[in-house]
Every structure is written in structure tokens, then in C-alpha cells.
Amino acid sequence: MANDVCTERPLFGGAISCSFPARFQDVSNIREVPDHQEVFVDPSRDESLIIELLDLKNEVADHESATWFLRDLAIEQDASDSVVVEHSGIMELSGLQYGNVPVPAMTAVGQLAVSKGRQGRGAENVVRVYLANIRLKNVSTDVLITAYEPLIINPLSESARTVGAGVAVPAEQSGCLPVQEVFRLAVSSFKILDWNLFGGGAEA
């Protein structure tokens, strides 16, 4: 049974919030993070959760958006191997509405072989990536919530020093909430508390 304590976390200066386990640490306390991102990691398990705000990709259809962003991520991270495991599903966000209409989140799951930082080819870890795209069309913003779950740690990866090489220990064995559930919780609890974050004072 997972004994993770989940708390509501303020994002982007408190303008946004969502809930996830307290074991995920704010990376901005360690290094600089771009203004459009909030990055959290659990170094003991090499798991991470990233929330980012991007300009709306009008040219991408809603039903394809999650898989489009997942493929874009694979290219951006120079993944040597990537596969979309699960095509887009849709989650309705009860806490986030525009007018009286709930805002949908398109989701996709993929598997990538990627190396940490600048380690390059030969040190790739196999990771499962959970991605949600929340389309805030009223403020021309695509929100991405991405969770990374290591499946196999390469002995040459810097991650091996912390979590060990080989097949990653399942979350349940460590008393942790599985990344898939961390991801679902973060997406389903996503709330915008101050629409002024997006400029123009748009209201939900």
C-alpha cells in the first residue's frame, strides 16, 4: 500500500495549483528552471513531473494534440528509440472550467530511450512518459503536464549512481504511489487560481 503523502502545491507564484506526492522536490531550489516551467523530481527514484505553459498550437487538432506533443518531446530530447504506447485518451477536469464547459485534457503514454542531460548516446535510460495537454484556448495557451517513470536504468547513466542500474524497482515495493497515479492526480487536480497569469485578465 502506498504511503505517499499528497499535497496541493502552488505553481507559477500561486496562480496555478495541483496535487502530487510531497516526495517530489522543487528543482528550482537547486538550479534555475525556465519561467514557463515548474519541475519536480524524486531523486531517490529518478521520477519527475513537469508542468509547462506554451503558446497554443492552433494548427494541431485537439484529438491529436497529446500524441503530437509526445512525438515532439521525443525529437527534442533526441530519443534514440520512441514509441507511443497508448493513444490519446480524454480526462475531464472538474476543477477547471471555461464558462460552464469543463476543459478537457488529452492524454498519451509513450516509451522513450533517452540519456540524462548531455550524456549522449550509449547512456540512454528507457523511460515511460505520461503526457497531458490541457488546451486553454481562451488564453491561447497549451498546458503540458508530463511525468517520467524510469523502466530500465543504463549502467552508464548518471542515474545509476543514485537508483542503481537495471530494471527500476516498482513503486509499490517502495511504498510509493505509481507514476501513472501521480500523473492522474496532478492532471485531475489542476486548477487555475489567477487567470491574470496569462495576461489580459481572461476569466474562466
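What you see below is based on every heavy atom in this structure, not just the backbone, and it leaves out hydrogens, waters and symmetry mates.
- When side chains are defined from C-beta on, I134 counts as touching V103, because their heavy atoms get closer than 4.5 Å.
- Here E76 contributes atom CD and F69 contributes atom CZ; the two are 11.0 Å apart, rounded to the nearest 0.5 Å.
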Show your reasoning for whether side-chain contact (heavy atoms from CB on, under 4.5 Å) applies to C6 and L185. CA-CA 9 Å; C6 297; L185 176 62; 3.6 Å; yes
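- By the ring-ring contact (aromatic ring centres under 6.0 Å, His included) test, F24 pairs with no residue at all, sequence neighbours left out.
- The shortest side-chain heavy-atom distance between V109 and V129 does not fall under the 4.5 Å cut-off.
- Closest of all the heavy-atom pairs between L11 and C18 is CD1-SG, 3.8 Å.
- Of all heavy-atom pairs between S188 and L93, the closest is CA-CD2, 4.1 Å.
- Qualifying side-chain contact (heavy atoms from CB on, under 4.5 Å) partners for L56, counting only residues two or more places apart in sequence or in other chains: N58, R135, K137, S140, D142.
- Within the model, atoms CD of Q111 and CD of E149 stand 9.5 Å from one another, a figure rounded to the nearest 0.5 Å.
- Partners of E8 by salt bridge (charged side-chain N to carboxylate O under 4.0 Å, His left out), not counting sequence neighbours, listed by chain and number: K191.
- Counting only heavy atoms from C-beta outward, the side chains of V182 and F40 never approach each other to under 4.5 Å.
- Proximity of a side-chain donor or acceptor of D194 to a complementary backbone N or O of G14 within less than 3.5 Å is not detected.
- The shortest distance between side-chain heavy atoms of Y148 and V41 does not fall below 4.5 Å.
- Sorted by first and then second residue, the salt bridge (charged side-chain N to carboxylate O under 4.0 Å, His left out) pairs involving residues 15-28 (not counting sequence neighbours) are D4-R23, R23-D42, R23-E47.
- Considering CZ of R71 and CG of L131, their distance stands at 12.0 Å, rounded to 0.5 Å.
- Between I90 and T107 there is no side-chain heavy-atom pair separated by less than 4.5 Å.
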Show me the donor-acceptor pairs within less than 3.5 Å that the side chains of residues 48-55 make with the rest of the protein, sequence neighbours left out.
unit_1: E52; atom_1: OE1; unit_2: Q37; atom_2: NE2; d: 3.2

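- Partners of F183 by ring-ring contact (aromatic ring centres under 6.0 Å, His included), not counting sequence neighbours, listed by chain and number: Y130.
- Evaluation of the salt bridge (charged side-chain N to carboxylate O under 4.0 Å, His left out) rule for R9 yields no partner, not counting sequence neighbours.
- Atom OG of S19 is separated from atom CZ of F190 by 12.0 Å, given to the nearest 0.5 angstrom.
- Closest non-hydrogen pair, S65 versus V60, comes out as CA-CG1, 3.6 Å.
- Annotation for A105 and V187: closest pair CB-CG1, 4.0 Å, computed over non-hydrogen atoms.
- A donor-acceptor contact shorter than 3.5 Å links the side chain of E38 to the backbone of F12.
- When all heavy atoms are compared, the tightest approach of A186 to I145 is O-CD1, 4.2 Å.
- Closest approach of A147 and V179 over heavy atoms only: CB-CG1, 3.8 Å.
- With sequence neighbours left out, the side-chain contact (heavy atoms from CB on, under 4.5 Å) criterion links E32 to no other residue.
- Partners of D72 by side chain to side chain donor-acceptor pair (under 3.5 Å), not counting sequence neighbours: none found.
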